[in-house]
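Since the structure comes first, as C-alpha cells, the remarks are kept for the end.
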Amino acid sequence: MLKNYSPTKTEAWKNLQEHFKTVQPQHLRDLFAQDPARFNKFTFHLNETIYDLSKNRISEETLRLLVQLAREMDVPGAIESMFTGEKINATENRAVLHTALRNFSDESLEVEGENALQEVRQVQEQMRTFCNKLHSGEWTGYTGKRIQSIVNIGIGGSDLGPKMVVEALKKYQQPDLEVYFISNVDGTDATEVLRRLDPETTLFIIASKTFTTKETITNAETARGWFLHKAVDREHIKKHFVALSTNIEAVTKFGIAQENAFRFWDWVGGRFSLWSAIGLSVACALGYDKFEELLRGAESMDKHFRQEPLEKNIPVLMALLSIWYTNFFGCQTHAILPYDQYLRLLPEYLQQLMMESNGKNTDRNGKRVDYQTQPVVWGAAGTNSQHSFFQLIHQGTILIPCDFIAPAESQNPIGNHHPLLLSNFFAQTEALMKGKNAEEVREELTQKGMKGDELEQLLPHKLFEGNKPTTSIMMKKLTPFELGSLVAMYEHKTFVQGVIWNIYSFDQWGVELGKQLAGAIEGELLQGKSSPHDSSTSGLMQYYTENK
Ligand code: F6P
C-alpha cells in the first residue's frame with residue numbers, strides 16, 4: 001500500500017530546502033561553462049528517445065537529494081503496489097492496472113479472482129477481429145456499402161487519448177477511412193461532424209467507461225436519431241454502433257448488440273484508458289498491428305519504470321524535477337511544447353492526465369496539504385507558440401519549466417522545413433538557458449550604430465535573464481512504439497508525483513459538484529422547475545430564458 005506521510009517531514013525535504021539556497025543563485029550558463037560533460041551526465045535514453053535534463057537548474061547533488069526524497073516516500077514500494085494490482089485507488093477501492101493492458105508477458109495477474117491478463121487478451125482479440133473485418137470490407141453498413149467514416153463519441157479520457165494518438169499517428173492511417181471525434185455536449189460539435197457523413201457508410205463508437213456520462217449519452221442519442229432518420233429500422237443499429245465500456249448492461253439498454261460491446265474494467269482509470277478498448281478508434285484508424293506497437297512501446301516504458309534504479313529511472317526523474325520546481329522554486333505552471341505538428345494535441349491530453357490526477361488539496365490522511373501540488377499544465381506546438389506566448393516565458397516575471405519534444409526525422413520532409421523547425425527547437429532551449437546579458441546587448445546595439453542615451457534606454461528591454469529550465473525530449477521518429485513509450489512515461493511521472501505529494505492520483509471527485517449542479521439546473525431549464533440560487537446564477541438563468 002502507499003505510504004501515508006507528509007513529504008515535508010522527510011529528511012530529504014529539509015536537505016533540499018537548504019540545498020535550494022545554493023542552487024537558486026546559480027546560472028545555467030555557468031553550470032554549462034564549468035562542466036563540458038553536463039549533457040552526457042544528465043541525458044537518459046530509452047529505445048530511440050533521449051531525455052536531456054541538462055538544461056534544468058540541478059546539480060548531481062540535487063538529483064541525489066531528490067532521489068533520497070523518492071526513497072523516503074517509498075516510491076519503489078508504490079511502483080510495486082501499482083504493478084501487482086493492490087487497491088491503491090483507495091477512495092474508490094480499486095486497483096490501478098492500466099499497465100496490464102500492455103503487458104505481453106505470459107505472467108498471470110489475479111484481480112478479483114480473475115486472471116486480468118487473460119481477459120485483456122480476449123478483448124484484444126475481439127478488437128483485432130473487428131478491425132480486420134472493417135479493413136477487409138467484410139464488415140459493411142446496412143446497405144452493403146463499406147464503412148468509410150468512424151466517429152468516436154466520448155469525453156475526457158474516452159476522447160482525449162484516442163484523439164491525440166489518431167492525430168499523432170496520422171501518417172500511419174489506413175487508406176479510405178476517416179476518423180472523427182464528437183465530445184462536447186454543445187450541439188455544434190455533433191452538427192459539424194454529422195453534416196459531412198453518410199449514415200450508410202458511418203460507424204459510431206460510443207466510448208464511455210461508465211456509460212452514464214451525460215454528454216456522451218446525449219451525443220450518442222443524437223447520432224442514433226440521425227442514423228435512424230435514414231436507416232429507419234432499429235435492426236440496422238448493430239451494423240453501425242459499437243460500444244466501449246465497463247457497463248455492459250447500460251450498453252445493451254441503449255440498443256447496442258452485446259457482440260458489439262468491447263469491455264474493460266474498473267481498474268482502468270478513464271484518463272489511463274487509451275490502451276484498453278477505448279483505443280478502438282486508434283486501432284481502426286491505424287490497423288490493429290500498429291495499435292499493438294503503441295502498446296509495446298508503453299510496455300517498454302513500464303519495464304524501465306519497474307526495473308531501473310531511481311537514479312536512472314526516467315519517469316521518476318521527470319517527476320522529481322517537477323517537484324523541485326513546484327515545491328522549491330514555487331513554479332505554478334508547466335509548459336508542454338511539441339515541435340511536431342502531429343503532436344499538437346499532446347498538451348491537451350496531458351492536461352487531463354496530470355491535472356485531473358494530481359489537482360488535489362487533500363492528502364492521504366484526509367488533511368489539507370500545506371504544500372503545493374499539481375501545477376497548471378499548458379502548451380502548444382512550436383513554432384506557432386513562439387509567436388504567441390514565448391515572450392512571457394523569456395521575459396515574463398514567472399519561472400516556467402518547459403518540456404520541448406521533437407523527432408529527429410520528419411515524416412513530411414519537404415524542402416528545408418524540418419531543419420528550420422529543429423533550428424527553432426534548439427535555439428529556443430539554448431536562448432532560454434543562456435539569455436543575453438547587458439554586455440552582449442550593448443555590443444549588439446553598438447554594432448548597429450546605436451549609442452548614448454538611445455542605447456541605454458533600449459538596453460534593459462533587450463535583456464534576457466536566461467536560466468529558464470527546459471527538458472528536451474528527442475526521438476528518432478514519431479512511431480507508434482515511441483509514442484506509446486512517451487505517453488507511458490508521462491503516466492508514470494504523474495503517478496510518482498502523486499506518491500510524493502501524498503495524495504490519491506486515481507480518483508477525480510473534484511469534477512462531481514459541477515455535474516450534480518448541472519443535473520439539477522437542467523431540470524429547471526427543461527421542465528420549468530425552480531429552486532433558489534444566488535443572485536448571479538439566477539440572473540444569468542433569467543437572461544438565458546428571456547433571450548434564447
Ligand atoms: O471528467 C470526469 C470523468 O470521469 C473522466 O475521468 C473521464 O475520463 C470522463 O469523465 C468520461 O467518463 P466516461 O468514460 O465514464 O464517460
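What you see is a predicted model, and the numbers here were worked out from it, not measured in a lab. The figures here come from the full heavy-atom set of this structure, side chains too, leaving out hydrogens, waters and symmetry mates. The residues of the chain are indexed from 1 along the displayed sequence. Just so you know, ligand 1 is whichever comes first in the structure, and atom 1 is the first atom listed for that ligand.
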shortest atom 2 (C) of ligand 1-to-protein heavy-atom contact is with V511 CG2, 3.5 Å

For atom 10 (O) of ligand 1, the closest protein heavy atom turns out to be K515 NZ, 4.5 Å

Test item: side-chain donor near acceptor, S300 and N47, under 3.5 Å: yes

- Contact check: K209 vs ligand 1, nitrogen or oxygen atoms, below 3.5 angstrom: yes

> Taking the inter-plane angle between the rings of F506 and H98 on a 0 to 90° scale, is it parallel (under 30°), tilted (30 to 60°) or perpendicular (over 60°)?
Replying inline: tilted

Counting from 1 in the order shown, the ligand 1 atoms closer than 4.0 Å to a non-hydrogen atom of Q352 are 5 (C), 6 (O), 8 (O)

For G157, the ligand 1 atoms with a heavy-atom partner under 4.0 Å come out as 7 (C), 8 (O)

for atom 9 (C) of ligand 1, nearest protein heavy atom and its distance come out as I155 O, 3.7 Å

Among non-hydrogen protein atoms, atom 6 (O) of ligand 1 lies closest to E356 OE1, 2.6 Å

Between Y288 and F130, ring centroids under 6.0 Å
no

For the pair F227 and Y142, name the ring-plane relationship: parallel under 30°, tilted 30 to 60°, perpendicular over 60°.
perpendicular

query = Where does the angle between the aromatic ring planes of F204 and W226 fall among parallel (under 30°), tilted (30 to 60°) and perpendicular (over 60°)?
reply = perpendicular

Nearest non-hydrogen protein atom to atom 15 (O) of ligand 1, with distance, is T210 OG1, 2.6 Å

Would you kindly say whether T373 and N358 are connected by a side-chain donor-acceptor distance under 3.5 Å?
no

Correct closest heavy-atom pair for G141 and H240 would be CA-NE2, 3.3 Å

Here the atoms of ligand 1 under 4.0 Å from any heavy atom belonging to T213 are 12 (O), 13 (P), 15 (O), 16 (O)

